[in-house]
Amino acid sequence: MLKGAAVLAALVASAAPLWAQSDDSAPLSAIDWLSETVEQPETIASAPLTTETGTQDTRATRGTRVPPTDEQPVANSATTPAVTVQTLGGPAPRMVGLIPPQTSGLSADIWTGSDVDTLSALLMAEQVDTLPALQDMVMTLAMAQANPPFDTTGGGQFLLARIDKLLDFGALEPALAMLETAGQDDADLFRRWFDVALLTGTEDRACRALHDAPDIAPTPAARVFCLARSGDWSAAALTLNTGRALGDIDDSTGDLLARFLDPELFEDEPNLTPPARMTPLTFRMFEAIGDPQSTQGLPRAFSQADLRANIGWKGQLEAAERLARSGAISENQLIGLYSARVPAASGGVWERAKAVIALDAALTSQDPNDIADALNTLWEEARDIGVAVPLAQYFAPRLIEANVAPRAYNTLFTLLLLTDQYETAALNPDLAATNPFLAAVATGDPSDALAIRPTYPVIREAFGATADPSLVDMSQNGQTGEAILRVVATIQQGLDGDRLALREGIATLRALGLEDIARRTALQYAILPS
């Protein structure tokens, strides 16, 4: 690691008195775990003022400006003109997204009639731990390719909110794609891009980008990290020493950076106390000094770091399940990890891995009894862990064609109702007979179905209820995206116990043309444990 007398001296000297400390309690953004990697100095630009002779005068002020002789002395009208405002030099608003309108089914103008502050607040307030159908809806809105709302700051506030929501879900791959589509020439966007790189193990690329971006000023801590990653240990140590002396690097960060530069120097020292607010930068440095931190209790995005090849299989599986619960990774990725090896232990995640492997083998052998046994086992293992939907979605194409022993028809129907094959399954009379009410929901009309379970009556009422007229009107006035966000929040209120809100929310989804989301929401509410 770090070698040389000059460098060692710089590290020792870094114990200089601390003159100023950063305020770790100050919120950095809607995502408060972002690393402080770049500085954002405020720059105020104004047009040069001129004197009577027409030459620029740096001493002139707006109060001493001499108007041109041909300037009209008074206005023609007292009417306030319509004015649009955007930051000078700011990027022109453009469509940034991953899902085009023809794929999402959403208009390109879903945001244009809404206020950017309102939209940002609504999007960030949506819950992540909710029904998979609602998760899909929120993530689709975050990734939809659509014209942005009018943003008077010109700073892409709503774009940041969309990316932050994906980070909140732990969906780093689409967040990274959004960031790379938008570009990283903005400090706020770069911070997010840098942290995604840290959590996915591509920090060297981020450091090169930081070095090659003259308009992005790195903080001293980020500069030390990147200098070390590039092998320039002397410059890293000098930057650390200077930053601590000037108070630009606080004590705890300085101690961590010093160990990052030369962990061997501190082998006999006790481990550092992890910070109360872990950032991707500190997380990776703790890992580098041989003191890796658990992602348990950290934001979901940190679990992506546990999917790397250098993490044990059990850790990868636990991280994958956590991310699958929020829809942050695909069912293919989850299944790939479950079936990567043969489980050598029992209990917990190992049982789910065994169940996945057993069902795959049974579907391959096409033995009806084996499939029935494997189906029942998989449902028992997965339903209370929050991964039943992605597992069902993965196996659905094979299950819909499989010959399954009748004793597992109920389980088969239940699993298929949690997938995009729900209507096909409901049209199978043998499967529909196991639960006529859910079959009626899946086909869109449970009005005459017998509601025999506690959650069924409110669902039946919802399919005959009146939608929220204010949200329907909103969707017809260029505010469709805002209306959807509000109805998702209403349904969440219903899931938390407000029966009327749940009924009205599902009815409003249908009125907004979101029939598929409405049915999936109702089915998941009826089937999945609360």
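Between the side chain of R503 and the backbone N or O of L500, no donor-acceptor pair lies under 3.5 Å. Proximity of a side-chain donor or acceptor of R322 to a complementary backbone N or O of Q304 within less than 3.5 Å is not detected. Remark: side-chain polar atoms of T508 are paired, donor with acceptor, to backbone N or O of D468 under 3.5 angstrom. Between the side chain of S230 and the backbone N or O of L227, at least one donor-acceptor pair lies under 3.5 Å. Panel note: side chain T282, backbone M278; no donor-acceptor pair is recorded below 3.5 Å. Judged purely by atom type and a 3.5 angstrom limit, Q293 has no side-chain atom pairing as donor or acceptor with the backbone of E287. With hydrogens and angles disregarded, no donor-acceptor distance shorter than 3.5 Å links the side chain of R383 to the backbone of A388. Looking only at distances, no side-chain donor or acceptor of Q145 sits under 3.5 Å from a matching main-chain atom of P101.
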Fill in: From CA spacing to verdict: salt bridge (charged side-chain N to carboxylate O under 4.0 Å, His left out), R499, E461
CA-CA 10 Å; R499 182 188 181 96; E461 293 166 8; 3.1 Å; yes

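Legend: salt bridge (charged side-chain N to carboxylate O under 4.0 Å, His left out) pairs involving residues 470-488, not counting sequence neighbours, sorted by first then second residue: E482-R486. For residues 95-142, there are no disulfide bond (SG atoms under 2.5 Å apart) pairs, not counting sequence neighbours. The list of salt bridge (charged side-chain N to carboxylate O under 4.0 Å, His left out) pairs with a residue in residues 109-126, not counting sequence neighbours, is empty. Applying the disulfide bond (SG atoms under 2.5 Å apart) definition to pairs two or more places apart or across chains, those involving residues 172-221 are C207-C226.
Rounded to the nearest 0.5 angstrom, R223 CZ and D248 CG are separated by 12.5 Å. Rounding to the nearest 0.5 angstrom, the gap separating the CD1 atom in I491 from the CG atom in L509 is 4.0 Å.
In this structure, a donor-acceptor pair under 3.5 Å is absent between the side chains of T242 and T239.
Taking 4.5 Å as the limit, some side-chain heavy atom of I163 sits within range of a side-chain heavy atom of L189.
Here the shortest heavy-atom pairing between A518 and R510 reads CB-CG, 3.5 Å.
Here F302 pairs with W33, F283 under the ring pair (Phe, Tyr, Trp, His ring centres under 6.0 Å) rule; sequence neighbours left out. In this structure, the ring pair (Phe, Tyr, Trp, His ring centres under 6.0 Å) partners of Y456, at least two apart in sequence or on a different chain, are F437.
Salt bridge E180/R205: present, at least one basic N to carboxylate O contact under 4.0 Å. Using a 4.0 Å cut-off between charged nitrogen and carboxylate oxygen, R520 and D420 do not count as a salt-bridge pair. Ion pairing between E515 and R519 holds under the 4.0 Å rule for side-chain N and carboxylate O. Salt bridge D195/R192: absent, no basic N to carboxylate O contact under 4.0 Å. Ionic pairing of D129 and R300 is present here: one or more N-O contacts between side-chain nitrogen and carboxylate oxygen are shorter than 4.0 angstrom.
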